[in-house]
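As the structure is a prediction and not an experimental result, all values here were calculated from the model.
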Amino acid sequence: DQKHPVIFYDGVCHLCNSAIAFILEWEKNHDFLFSHLQADPSKHILKAFDIDAVEENSIILIEHNRIYFRSAAVLRIARNLRWPASLIFYFIF
């Protein structure tokens, strides 16, 4: 069972690194774990989900053993942020 949501991001992307800094500043409970896609542990974990980390260059979220990509990941991450950043989540609908 997965206890903490894991965010995978492109470690060489300046925008992605800025997004991670934003998440760290605004997350409610500091539950997220982070790993960049270029890290060997990330490649190993994502391979279990049949995902090639080398081909991905975006943000990926694994939460409750389900995987979300790009905007779906961002919107799910947003619901775990403090007000007013959490408002982004409502765009999921």
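Judged purely by atom type and a 3.5 angstrom limit, Arg76 has no side-chain atom pairing as donor or acceptor with the backbone of Ser71.
Between Ile67 and Ile60, some side-chain heavy-atom pair lies under the 4.5 Å cut-off. Contact annotation: the side chain of Asn80 never approaches that of Glu27 to less than 4.5 Å [non-hydrogen atoms, C-beta and beyond].
The heavy-atom pair separating Phe49 from Asn65 by the smallest distance is CE2-O, 3.8 Å. Residue Lys28 comes nearest to Arg82 through the heavy atom pair CG-N, 3.8 Å, listed as atom of the first residue, atom of the second, then distance.
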What donor-acceptor contacts under 3.5 angstrom involve side-chain atoms of residues 5-23, with partners at least two apart or in another chain?
from: Asp10; atom 1: OD1; to: Val12; atom 2: N; distance (Å): 3.1
from: Asp10; atom 1: OD1; to: Gln38; atom 2: NE2; distance (Å): 2.8
from: Asn17; atom 1: ND2; to: Gly11; atom 2: O; distance (Å): 3.1
from: Asn17; atom 1: ND2; to: Cys13; atom 2: O; distance (Å): 2.9
from: Ser18; atom 1: OG; to: His14; atom 2: O; distance (Å): 3.0

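For the atom pair CG of Leu75 and CG of Leu61, the computed distance is 11.0 Å after rounding to the nearest 0.5 Å. Note: His4 NE2 to Asp31 CG = 6.0 Å, rounded to the nearest 0.5 Å. Atom-to-atom distance recorded for Leu24:CG and Phe34:CZ is 4.0 Å, nearest 0.5 angstrom. Distance OH/Tyr68 to CZ/Arg66: 4.0 Å, rounded to 0.5 Å.
More than 12 heavy atoms of other residues, nucleotides or ligands lie within 6.0 Å of NE2 in His30, so this atom counts as buried by the packing criterion.
Remark: Glu63 pairs with Arg79 by the salt bridge (charged side-chain N to carboxylate O under 4.0 Å, His left out) rule, at least two apart or across chains. For Arg70, the salt bridge (charged side-chain N to carboxylate O under 4.0 Å, His left out) partners are Glu56, not counting sequence neighbours.
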